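Just so it is clear, the structure is predicted and the values come from calculations on it, not from any experiment. In what follows, every chain begins at residue 1, and chains take the letters A, B, ... in the order their sequences are listed.
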2 protein chains.
Amino acid sequence: MNKKQPLPWDNPRFHNWIAVARACQVMGLSLARALQPLDIKPPHLDILVNLFRTPGISQQDLADKLLVGRSNLSMLLPQLEKRGLLVRRSDPQDRRVLRLELTPSGTDLTLEAIAIQTDLIDRTMKTASTEECNLVGEVMTRIIHELTRPDGAIEARTEEAERKKA
Amino acid sequence: MNKKQPLPWDNPRFHNWIAVARACQVMGLSLARALQPLDIKPPHLDILVNLFRTPGISQQDLADKLLVGRSNLSMLLPQLEKRGLLVRRSDPQDRRVLRLELTPSGTDLTLEAIAIQTDLIDRTMKTASTEECNLVGEVMTRIIHELTRPDGAIEARTEEAERKKA
DNA sequence: TGCTTTTTGTTCATGGTTGTACAATTCTGT
DNA sequence: ACAGAATTGTACAACCATGAACAAAAAGCA
């Protein structure tokens with residue numbers, strides 16, 4: 001039954017990717033800790049940064065960008081709105097969508113959070129040269145493109161997505 | 001108030017790290033999908049692989065390796081044990097600890113899952129040469145070491161951890 | 001030995017994420 | 001114009017992960 005299964009510990013792609021995954025995990029934990037003083041978590045930061053760079057985006061488009069379910073944003077956004085960090089304005093052109101925008105205080109908080117994140121990344125990668133960083137980013141970009149191709153291994157097999165194909 | 005906050009979009013360390021984070025996210029989603037036929041999820045795979053490579057490990061040591069809370073394993077392990085994938089044998093030397101070990105069928109499933117993961121990684125990184133992979137792993141390893149230093153930004157600030165310092 | 005402290009695993013309340021079901025709105029094709 | 005399909009956001013139940021509180025066992029120390 002075992003159709004030749006050599007263990008992959010010596011496979012360069014395999015074990016180096018494992019290092020990538022672990023680095024992401026520890027970076028995520030460190031970021032969560034570094035953001036505690038601002039009382040936000042990494043998912044909130046993702047939202048805020050996207051709103052900063054793309055004001056007026058809809059909840060659905062934001063969910064697509066972040067690769068999370070839109071129900072997730074339906075829970076998170078009202079909570080950030082109550083904190084006065086953003087506003088959800090109904091679009092007169094299409095009354096289904098809510099256009100998202102940072103408030104001034106939301107923009108301030110976002111800039112603070114970005115500074116914290118940038119500082120963490122800079123300190124963490126201080127031993128990597130610009131050329132090394134660019135090569136890493138190059139490899140990662142190819143991975144992302146490979147996995148997000150239309151036939152890629154990424155789309156969730158939900159009923160809604162199945163119907164969309166038909 | 002704004003003490004010079006240039007936006008980091010052009011900072012090589014910053015934007016290349018963002019690519020790393022996104023690659024990890026899409027790879028995690030893809031792995032979850034690829035593992036569906038085996039009815040396990042990435043966290044289960046992490047557990048199984050560690051048990052495969054370190055038989056007889058205790059729950060606490062496993063939690064430390066995986067960087068998750070031990071209460072998490074207290075929920076997950078009995079469920080994997082009920083599926084017959086592993087056994088938890090009480091240590092006669094120290095009757096507090098439970099020694100974890102894969103069953104034969106657990107080993108089989110682990111090998112299948114590793115094959116699936118290896119295949120996914122190989123396909124995804126096929127455009128990256130061995131040298132590129134090794135450089136990526138090198139950079140990631142330095143990041144991990146930087147973040148897991150004793151004074152690093154990783155340890156959770158829990159009451160238990162605070163007491164340990166005193 | 002006795003007493004305190006530490007360690008291990010479990011239980012439980014809390015909060016986060018997901019997918020599904022649903023109402024409101026817009027689009028499509030005839 | 002109008003009925004059916006598609007899209008947007010919400011509500012909800014299920015599942016996962018976490019930290020705190022706890023009981024049992026071991027270790028440290030007088």
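In this structure, CG of A:Leu80 is placed 16 Å from P of C:dG15, rounded to the nearest angstrom. Summarising the geometry, the separation between CG on B:Leu73 and P on C:dC12 is reported as 18 Å, rounded to the nearest angstrom. Nucleotide C:dT8 holds its C1' atom 11 Å from the CZ atom of B:Arg99, rounded to whole Å. Nucleotide C:dT8 holds its P atom 15 Å from the CG atom of B:Leu77, rounded to whole Å. One atom, CG of B:Leu98, and another, P of D:dA24, lie 15 Å apart when rounded to the nearest Å. When the C1' atom of C:dG16 is taken as reference, atom CG of A:Leu66 falls 15 Å away, rounded to whole Å. The distance from atom CG of B:Asp46 to atom P of D:dC16 is 15 Å, rounded to the nearest whole Å. Following rounding to the nearest Å, A:Met75 (CE) and C:dG15 (C1') show an atom-to-atom distance of 10 Å.
A salt bridge does not link B:Arg13 with A:Glu132: none of the charged nitrogens is closer than 4.0 Å to a carboxylate oxygen. Using a cutoff of 4.0 Å between basic side-chain nitrogens and carboxylate oxygens, A:Arg123 and A:Asp119 are scored as salt-bridged. Ionic pairing of A:Arg142 and A:Glu138 is present here: one or more N-O contacts between side-chain nitrogen and carboxylate oxygen are shorter than 4.0 angstrom.
Taking every side-chain heavy atom of A:Asn72 into account, C:dT17 is the closest of C:dG9, C:dT17, D:dT18. Of all nucleotides listed (D:dC16, C:dT17, D:dG9), D:dC16 comes nearest to the side chain of B:Lys41. Between D:dG9, D:dG19, C:dT20, one nucleotide has an atom nearer to the side chain of B:Ser71 than all others, and that is D:dG19. Distances were taken from every side-chain heavy atom of A:Gln60 (C-beta onward) to each of D:dA17, D:dG9, D:dA21; the shortest belongs to D:dG9.
The residue A:Leu76 sits close only to the backbone: its heavy atoms come under 4.0 Å of sugar-phosphate atoms, none of a base.
For A:Gln60 and A:Asp64, the side-chain atoms include at least one donor-acceptor pair closer than 3.5 Å.
Using a 4.0 Å cut-off, no side-chain N or O of A:Gln79 falls inside it from OP1 or OP2 of C:dG15.
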Verdict with supporting geometry, A:Glu101 and A:Arg89, salt bridge (charged side-chain N to carboxylate O under 4.0 Å, His left out) | CA-CA 8 Å; A:Glu101 215 166 336; A:Arg89 205 172 316 96; 3.1 Å; yes
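There is a path of hydrophobic side-chain contacts, each under 4.5 Å, that joins A:Leu120 to B:Leu7. In the hydrophobic clustering of ILVMFWY residues, with side-chain heavy atoms under 4.5 Å counting as a link, B:Val97 and B:Leu80 come out apart.
Along DNA chain C, the nucleotide closest to B:Gln59 and the one closest to A:Arg70 are compared, and the more 5′ of them pairs with B:Gln59.
Within residues 81-97 of chain A, the residues having any heavy atom under 4.0 Å from DNA chain D are, by residue number, A:Arg88, A:Arg96, A:Val97.
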